[in-house]
Structure formats: structure tokens, C-alpha cells
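Worksheet: the structure to be examined is printed underneath.
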Amino acid sequence: MVSLESEQDIRAEDSVANASVVARALPADNTISAAAVAGFSSSLLLAACGGGGDAASMAVQASQLEAAPRLSVGAAAVATISDADASRFLAQASMGASRAQIQQVQQLGYAGWLDAQFALPASMSRWDWLVAKGMNAITYRNTEAGFDSCAWRKLLSSSDTLRQRITLALSEITVVAIDGLVNSGWRAFSAAAYLDLLEANAFGNYRTLLGQISTSAPMGQFLTFRGNVKYNTSTGAQPDENYARELMQLFTIGLQQLNLDGTPKLVNGATQDTYGQDDVTGLARVFTGWDFDMAGHDASTPDFLRRPMIQIPSRHETGASSFLGTTLPAGLNGAASMKAALDWIFAQPNVAPFISRQLIQKLVTSNPSPAYVARIATVFNNDGSGVKGNLKAVIRALLLDTEARIAPAAANTTAPSFGKLREPILRFTAWARAYGASSAADTWIIGDTSDPSTRLAQSPLRSPSVFNFYRPGYVPPNSAIAAASLEAPEFQITNESSVVGYVNYMQRAVSKGISDVKADYSSLLPLADNPQALLNEINTVLAAGQVGSSNLALMVGAINAMPTGTDARRNNRIYAALTLVLAAPEFIVQK
């Protein structure tokens, strides 16, 4: 089987476009090399700067297979939905395709599948799972034990796969990270409570979500307005401004005034700011007086982190507060002040295009056309019944839009400006969902996968800052993407180490599992003696059939070179085939 080692064996050039991998010889008992994996990983890096592995270079790699070293580094009619089209839809709408989900999409149609997902009840919450596992015992108070397990369990196994995909997207827009949940203990529970809150609102109203995150204990911890007090006339101390700033900059209106289609509003050719420091200072006055609800003054259990924060009236600023062209009058209590402020912010015209564009980027494409953004922002502003912020309506419109779905779809799979780099979490869940990965002991011990050189370079709710793992407007410098005036957000966490680290990690996951989290390849075993059939099936489910014929031919040659005849050897073929597809640019770049 393919064997991939640690970052210590990586030798990469400074330029991504010139990345290379130093390899060493396969052991005698291995009959497949990872030359194809090396080629695919390198071509992904080259693609980041507008290069790529052409047919000639791939042919050279194929010719070295025998003695090569290993790598050490609107709905369509149901009847018209092909396997590949259903898989492509699921890449956008779910945590990963499987044969069962593909068939369900074909049976129900795109809109019908969405309706079925919207109707599914939520499964056991992360919080309740932690309690069921005894993680609320006082011995765990000052640890993060259990959080990664409860987060991965939902992403990999919950039947409401659309809800999990939207929860993940929201967690990367309204960011909280577990390392910032300080000064109260019970980090695992605080983080679980926040993801549960996002999940509960994933199909709800964005204004409701803003209200709930603004009183959530985890957000109060992370953006440090928990315990925020009014202006001190004696010392001159001002209220903490973190949440006021990020609420505007990241969660609602952004930095620049936008047209409905997401393009900047220009005055005499110049962009216009949405807010200034005076707006931040004025809004910060609103978020004073909020603190944990310490009912019974008991922190020996984590329950206070699940309750919304409460107001301490003596700490709240009751003077007038001015921001974004309005003034809240003096005398409002904390709850009334917050409601009025959020209502005013939510009414700003920037909210719809700013949030709609990011949701499109998370699900479908990094560079949506202005027309696409305008159509979704229009639904955000009015779901057809006069309601603004209806996320269910937005999600439906976004995933059924013609730019994502119908006529342009075939062209979009080849258009260089369409699609997105599949973020590492979604690559991992695609594999796990495709082949029913499960945890026999229901422990889901996958852990923190943030390390770029040995794991995924990304892990749920472990963003390094409030700005997420990557910025929505990130452009790789000195690249063909930059020259084309395109954005590629996920490339901000992509480099030589992370590309190779991902392949290493996935090879181990595919062949051995992670702890007791293991996949079921029984559906692939009958195909293992026929490399073409095996790879066609994997290509369809994982990559929506988009791995090209030349790359597939190389893979077929590699698998053909491996022995068969026993189930052990057939499994080795399956491991190698899966690793090659998971490393292919056509899988890593979601079209």
C-alpha cells in the first residue's frame, strides 16, 4: 500500500510553484509506489500559482511506477440527475457524499432532498453527549477533554448532514475558538454549547442568531465582553470594544459599503467605510453589564455556560449610545439597548450581500458572480413573505441557483474562475461519510487535527483567531489567482507542509483508521480486482467523476501493478486507490 511519512522528510522550495518532494525507496514487500500521489500533491501546489501537472509530466511519473520511490512527504427533474451530478450537489450541500445519499438525491430531486434534510430532527447535542460520557465530572473542569470527540462525532455521523454543513459554515463566520474560552474552566462544554447554539439556528433567522450569540456565554468569553462595565468617570476606563468591533466587521456589515451584488460602492472611484472608531466606541456602550448566569453561584458543573448571560444593571451604561447614524436614547436597560442595537445593525443594507457572499463561498464557489450574490442577497432581504434573514430560504436559493446547479454546471466544472479549494475538514469528512466511518466504542477519538505537517491544518472550532482559519477575501500572493483578480480563501492555510501533511494523514486514516474510527470498504471489495471499476466508483462518490481520464489512467496503471488474489491484497488496492483520489487536484478543488 502507499506509505507516507512525516514532515521531516519533506524538502520544499521557498516558492510554492517550485515545491518538490524528496522520496525514498519502497520496502520490498510494497508493490505500489506513491509517485502518483507525489505528482498530484505537487500539481495542487503548482495550481496555487497558476501552474499544474500537464499530461507530459504525469506520463513521466507513470513511467517510473515500477521502480519509483515512495513519497515521504432550481431543481432538475429527478430522472435527469446522474450519479456525478448528485455527488457534485452533495459536495456543496453536505458533509460528504455516499452511495445512499446519491441515490436519495436522485429519488427526491435537489429540492426534495433539501426538504427532507430541513425536516430531519437534530441528533443528540454535543453537550448532552459530553454529559453522557461523564465529562461533567469535576476532574475535567480544567481540561478540554471530550470536545474534539463531540465535534467530530456530529460532523462524521449525524444524519442531518446539511445542518452540519451549515453549522460548520456559521462557525467560520461568527467565530468562537476553544482556546479563547478562558477564565471559567469547562472549555469543552463552553465550545460544545456554542456549536449547539449555531446548529439550533442553522435553518432559522440570522437576526435571531445574532441575538443568541450576543448573549451566549462562549461569545462573551471569546470576545471578552463578559463582565464588560460602563465608563468609569474616576479612572477614565472605557468599555471593552472587542465584540462591538467584530459584530460589525465580521458578523454583519463588513468593512466596506456594498451594493446588493457584493461589489463595493464607489464614490469618485473610492470605496466607502461602513463604520469608524466612533461607531465602535458608541456600540461598545451597549454591550456592558452582561455576565454569566451563576444561578446558585455554582461553578462546580458547567451548566452556567449553557445559559444565556444576564444583565447586571449597575454595570450597564444607561447613557445615550451613538453608532452607524443612529442614537439609542439614555435610560434603556441592557436587554432593550441590545435589542435596539441589533435591530439597527441588522437593518443595514450591507448585511444581506456580506453574509450571502460568504455562505456562497463556504458552500459553492470562492468567486461567485455579482449576479449570483445579488440573487441570494435578495432572498436574504425578503424570503418571499417579507421576512429578512431566513436562512432556510437563503440556503435553498443558494444551492438551487442556476450558477450552482443547472445549465452552467457543465461549464463550471472546467471554468478556472468557478469552484473552491475544499477545506481540509471537508476532505476528511468526505472520505468518512463516503464509506461509513464509525467509532465502535462511540468515543470518536480523532483529536485536534490542527497541525499542518502531520494532520489536516484545520480542526473544528480551533481557529487561531476571530478572523477564522482564512479570510474570505484572501488572495495567494504572486500567483495566477492574483493575476486573474480572483480570491482563494482556503489557500491561506495551504502550503508545502500542509499539502503533504494532509496526504500523509489521510493515507493513515484510509488504511488504519484514526483510533477506533474506521471506514467500511465492503462495497469496494468486489471491485478491487478491476482497477478501472474501482477507481471509477471512488471518483464518482468522492470527486463527482471529475478526476480526468489521463490521471485515472495513471491510477489504474498503479493499481494494476499491485498483487491481488486475497482479501488482504484487495484491501491494499482499495487503500491505494482511495489515497490517490483523495490526493488528486480534481478532488481537492471542488467544482
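We use all heavy atoms of the structure for the numbers below, so side chains are in, but hydrogens, waters and symmetry mates are not.
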Legend entry - Evaluation steps, side chain to side chain contact (heavy atoms under 4.5 Å, CB included), between F491 and S366: CA-CA 11 Å; F491 271 102; S366 296; over 6 Å; no
Inset, instruction - Flag the pair F346 / N205 as yes when at least one side-chain heavy-atom distance between them is below 4.5 Å, and no otherwise. - result: yes
Inset, instruction - Could you please spell out the steps behind the side chain to side chain contact (heavy atoms under 4.5 Å, CB included) verdict for V499 and I588? - result: CA-CA 10 Å; V499 169; I588 294 174; over 6 Å; no
Legend entry - Salt bridge flag under 4.0 Å for residues D148 and R462: yes
Inset, instruction - Inspect the surroundings of CG in D278 and state if more than 12 heavy atoms from other residues, nucleotides or ligands are less than 6.0 Å away. - result: no
Inset, instruction - Verify the distance criterion only: is there a donor paired with an acceptor across the side chains of S439 and D516 at less than 3.5 Å? - result: yes
Legend entry - More than 12 heavy atoms from other groups under 6.0 Å of OH on Y140: no
Inset, instruction - Scan L260, I376, V351 and name whichever one has a side chain to side chain contact (heavy atoms under 4.5 Å, CB included) with S356. - result: I376
Inset, instruction - Please work out which of the three classes, parallel, tilted or perpendicular, describes the rings of F189 and W186, given edges at 30° and 60°. - result: perpendicular
Legend entry - Cationic tip of R471 above F467 ring, under 6.0 Å, 45° of axis: yes
Legend entry - Sidechain-backbone polar pair: R357 side chain, G262 backbone, donor-acceptor under 3.5 Å: no
Legend entry - N/O donor-acceptor pair under 3.5 Å between T429 side chain and M95 backbone: yes
Inset, instruction - May I ask you to decide whether R427 forms a salt bridge with E490, counting only side-chain N to carboxylate O separations under 4.0 Å? - result: no
Inset, instruction - Enter the distance from S190:OG to L305:CG here, rounded to the nearest 0.5 Å. - result: 4.5 Å
Legend entry - V394 side chain reached by L359 side chain, heavy atoms, under 4.5 Å: yes
Legend entry - L363 backbone acceptor or donor facing Q590 side chain under 3.5 Å: yes
Legend entry - Side-chain touch S216/Y194, heavy atoms, less than 4.5 angstrom: yes
Inset, instruction - Salt-bridge test for D196 and K154: reply yes if a basic N is under 4.0 Å from a carboxylate O, no otherwise. - result: no
Inset, instruction - For the residue pair T288 and R315, establish whether any side-chain heavy-atom pair is separated by less than 4.5 Å. - result: no
Legend entry - Short side-chain to backbone donor-acceptor contact, Q117 and T161, under 3.5 Å: yes
Inset, instruction - Ignoring hydrogens and angles, state whether a donor on the side chain of D240 or T224 is under 3.5 Å from an acceptor on the partner side chain. - result: yes
Inset, instruction - Would you indicate whether the side-chain heavy atoms of F304 and D298 approach each other to under 4.5 Å? - result: no
Inset, instruction - Measure from the side-chain N and O atoms of N350 to the backbone N and O of Q256, and report whether any donor-acceptor pair falls under 3.5 Å. - result: yes
Legend entry - Check: L255 and Y275 side chains under 4.5 Å, non-hydrogen atoms: yes
Legend entry - M219 and W290, any side-chain heavy atoms less than 4.5 Å apart: no
Inset, instruction - Taking all heavy atoms of P218 and all of L181, pick out the closest pair and write down the distance. - result: O-CD2, 3.4 Å
Inset, instruction - Report yes if the side chains of L426 and R165 come closer than 4.5 Å at any heavy-atom pair, otherwise no. - result: yes
Inset, instruction - Determine, for D442 against R153, whether the closest basic-nitrogen to carboxylate-oxygen distance falls under 4.0 angstrom. - result: yes
Legend entry - Reported CG-to-OG distance for the pair D179 and S465, which is rounded to 0.5 angstrom: 11.5 Å
Legend entry - Nearest heavy atoms of L162 and A93, plus distance in Å: CD1-O, 3.1 Å
Inset, instruction - For Y435 and K518, indicate whether the former's side chain and the latter's backbone hold a donor-acceptor pair under 3.5 Å. - result: no
Inset, instruction - Could you check whether the rings of F89 and Y110 sit parallel, tilted or perpendicular, using 30° and 60° as the cut-offs? - result: tilted
Inset, instruction - Working to the nearest 0.5 Å, report the span between CZ of F287 and CE of M338. - result: 5.0 Å
Legend entry - Closest non-hydrogen atom pair, K133 against A441: NZ-O, 4.1 Å
Legend entry - Rounded distance [0.5 Å steps], CG in L247 versus CG in L342: 6.0 Å
Legend entry - Test item: S149 side-chain N/O and W444 main-chain N/O as donor-acceptor pair under 3.5 Å: yes
Inset, instruction - Would you tell me whether T174 and Y206 have side-chain atoms, one donor and one acceptor, within less than 3.5 Å of each other? - result: no
Legend entry - Spatial distance of atom OG1 (T252) from atom CD1 (I173) [nearest 0.5 Å]: 12.0 Å
Inset, instruction - Test T281 against Q277 for side-chain hydrogen bond (donor to acceptor under 3.5 Å, both in side chains), laying out the working first. - result: CA-CA 6 Å; T281 300; Q277 181 56 42; 3.2 Å; yes
Legend entry - A97 to S87 - nearest heavy-atom pair and separation: CB-OG, 4.0 Å
Legend entry - Test item: Q492 side-chain N/O and Y474 main-chain N/O as donor-acceptor pair under 3.5 Å: no
Legend entry - Stepwise salt bridge (charged side-chain N to carboxylate O under 4.0 Å, His left out) check, D343 with R207: CA-CA 8 Å; D343 284 346; R207 170 62 183 86; 2.9 Å; yes
Legend entry - Heavy-atom closest pair, residues A437 and V517: CB-CG1, 4.2 Å
Inset, instruction - Examine distances only and state if a side-chain atom of N201 and a backbone atom of L197 form a donor-acceptor pair shorter than 3.5 Å. - result: yes
Inset, instruction - Specify whether Y243 and F225 have parallel, tilted or perpendicular ring planes, treating 30° as the upper limit for parallel and 60° as the lower limit for perpendicular. - result: parallel
Inset, instruction - Kindly indicate, with the supporting measurements, whether the criterion side chain to side chain contact (heavy atoms under 4.5 Å, CB included) is fulfilled by D115 and R396. - result: CA-CA 9 Å; D115 288 339; R396 180 189 299 277; 2.5 Å; yes
Legend entry - Contact summary for A202 and I395, nearest pair of heavy atoms: O-CD1, 3.6 Å
Inset, instruction - Would you check, one step at a time, whether the test side chain to side chain contact (heavy atoms under 4.5 Å, CB included) holds for F222 with I213? - result: CA-CA 11 Å; F222 186 67; I213 67 174; over 6 Å; no
Inset, instruction - Scan side-chain atoms only and decide if Q221 and S184 contain a donor-acceptor pair under the 3.5 Å cut-off. - result: yes
Legend entry - R455 backbone acceptor or donor facing T449 side chain under 3.5 Å: no
Legend entry - D291 side, atom CG; R226 side, atom CZ - distance, nearest 0.5 Å: 5.0 Å
Legend entry - Check: E172/Q358 side-chain N/O donor and acceptor closer than 3.5 Å: no
